[in-house]
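Everything on this sheet refers to the single structure shown next.
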Number of protein chains: 2
Amino acid sequence: MVVETTTYDPHGFPPFAVTVDVVVLTMSDGRLHVLLVRRGVPPFEGMWAIPGGFKRPEESLDEAAQRELLEETGVDGASLLRQFGAYGDPERDPRMNVVTIAYIAVLRDVQGIAGGTDAVAAALVPLSQILNGKIELAFDHAQILRDAVERVRTDLALTGIATAFVGPTFTLAELRAVYEEVWGVQLDAANFRRSVLAEKGWVISTGRRARPGPEGGKPAELYRAGRMWRHGAPIRYAQPSGKRRGSK
Amino acid sequence: MVVETTTYDPHGFPPFAVTVDVVVLTMSDGRLHVLLVRRGVPPFEGMWAIPGGFKRPEESLDEAAQRELLEETGVDGASLLRQFGAYGDPERDPRMNVVTIAYIAVLRDVQGIAGGTDAVAAALVPLSQILNGKIELAFDHAQILRDAVERVRTDLALTGIATAFVGPTFTLAELRAVYEEVWGVQLDAANFRRSVLAEKGWVISTGRRARPGPEGGKPAELYRAGRMWRHGAPIRYAQPSGKRRGSK
DNA sequence: CAGGGTTATGGTCGTGTCAACCAAAACCTC
DNA sequence: GAGGTTTTGGTTGACACGACCATAACCCTG
């Protein structure tokens, strides 16, 4: 009975469970953290896992991710919620076939995130703890998390999502710290400032200035996020408009 | 009964159908084409659709995509098969809830692709016909296709997947045509050559030369694909190594 | 209040890449 | 052989990048 494999026919389909997992990333104390929950039931009982839940039949995937984010963190109106992968290996859940759609949520550090509406234990864990394997995650969540970080890394370079990590108003040093932490590099403050300000409309200067920390220093200008837009096409050597050379 | 929403429990789950759709892209006659199949059963009977099928419980998502690609095109050992999105809107299939995982397969132009193993009608359709809405697709496949093209566009700029479009041996003009078609721009042949050759190991010169077409021209050098690798980190202003300035 | 420490911000400048263009080489057809 | 076409190599001005210096404006300590 293998007719119509190309134009699928949902009669007699093999049933799957579909879940949505949300990797909540935030900068806390200058380091990248991820929100994890502790499993209370087998399998992987007592281990840390990425929060997630079932997709409901009446909602879309994006809506399911938003709902999960709201339930876990209380944060509404996803500042940044992007789907980045689907995982469906047969062995990923020992009980049955579960296909999960993974999302990234980038949040600025909010107090009280660790306590969701549910009674399960939740915590913000430094990402370094997981990437070196010091904390083991349930299911294939370690792989999902690695993919999420990789996605954030490229998004940081290609789009303007860095402003989602910082508060509604921020200094350029805070913004620079996001790049430095995610990429693990040190950036030149002066050159970074020029490059950020060169992309017009992406950060907007409020008139105000931040109070320096206990270490002193010149008070930094305060900015707010502008439009978070995708960088233009990185296609090079485009012809001006007129004639062509070396064409077929 | 809303306990344990965070650490999902596959008992009493809502069942979904999970399918895998494969957007097969190829360059044919100098233009970008996509492989479509014509639906033989309602709904959307008689309309064109992206080939796809059910995920089987014993296979992973990637394996399901490879199997579908093999069934539709006869092509084995996916030259380039990447997952790029999941779609699960409740209304996307009028009969029931179907979540589909979408893949891109980039193939070089192969004769006889249009005839798959199944008896369904299949054809290579120019992409422009669909993007201007001249051909309507079933389900949400128009959106999936738009997303696929967008993904290929960025992948073309960021990785070396362009070689997947051309044959096992190719001229730089053929490679340039891929970029020009996907991005819809005209590129300078001399500058393009320099940029491609600058990325060492990505195209490798065989000694041979291609025979020029009927229009004449100097015979072009023949290359073969090297390693198709991800470009390095586009992070700027990284500090050399020593001291720091403007740090916190 | 003076001084040292720290950070933010602005400026400079050599190097390298990019893009536009030119020119020669090597083929085709007529 | 002439004219056309394509590939390939070369040149050159503009501009971005990266390294570094200098100054401004705060902190803290004595």
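As the structure is a computational prediction, the values presented were derived from the model and not from experiment.
- The shortest heavy-atom contact between A/Arg108 and A/Thr26 is C-OG1, 3.4 Å.
- Taking atom CD of residue B/Gln186 and atom P of nucleotide C/dA19, one finds them 16 Å apart after rounding to whole Å.
- Rounded to an integer number of Å, the gap from CZ of A/Arg209 to P of D/dC26 is 8 Å.
- Remark: C1' of D/dT29 and CD of A/Glu215 are 16 Å apart, rounded to the nearest angstrom.
- Here the closest heavy-atom approach between residue B/Leu131 and residue B/Arg146 is recorded as CD2-CG, 4.0 Å.
- Rounded to an integer number of Å, the gap from A/Asn191 CG to C/dG11 P is 14 Å.
- Along DNA chain C, the nucleotide nearest B/Gly217 and the nucleotide nearest A/Lys218 are compared for position; the residue whose nucleotide lies closer to the 5' end is A/Lys218.
- Atom CG of A/Asp188 and atom C1' of C/dA8 are 12 Å apart (whole Å).
- At the phosphate of C/dA8, OP1 or OP2 sits under 4.0 Å from a side-chain N or O atom of A/Arg176.
- If you check C/dC28, D/dC26, C/dG11 against the side chain of B/Arg211, the one that comes closest is C/dC28.
- Whole-Å rounding puts the B/Glu174 CD to D/dT7 P distance at 9 Å.
- Of the candidate nucleotides C/dC27, D/dG10, D/dT7, D/dT7 has the atom nearest to the side chain of B/Ala220.
- When every heavy atom of A/Leu32 is checked against every heavy atom of A/Glu181, the shortest pair comes out as N-OE2, 3.0 Å.
- Put simply, CG on B/Leu172 is 13 Å from C1' on D/dG9, counting in whole angstrom units.
- Comparing C/dA8, D/dA25, C/dG10 by their nearest atom to the side chain of A/Ala173 picks out C/dA8.
- Between the side chain of A/Glu63 and the main chain of A/Ser60, a donor-acceptor pair closer than 3.5 Å is present.
- Between B/Phe165 and B/Phe170, the distance separating the two ring centers is not shorter than 6.0 angstrom.
- For the pair B/Arg193 and A/Ser195, both in contact range of DNA chain D, the more 5′-proximal nearest nucleotide belongs to B/Arg193.
- We find that CZ of A/Arg194 is positioned 9 Å from P of C/dG11, with the value rounded to whole Å.
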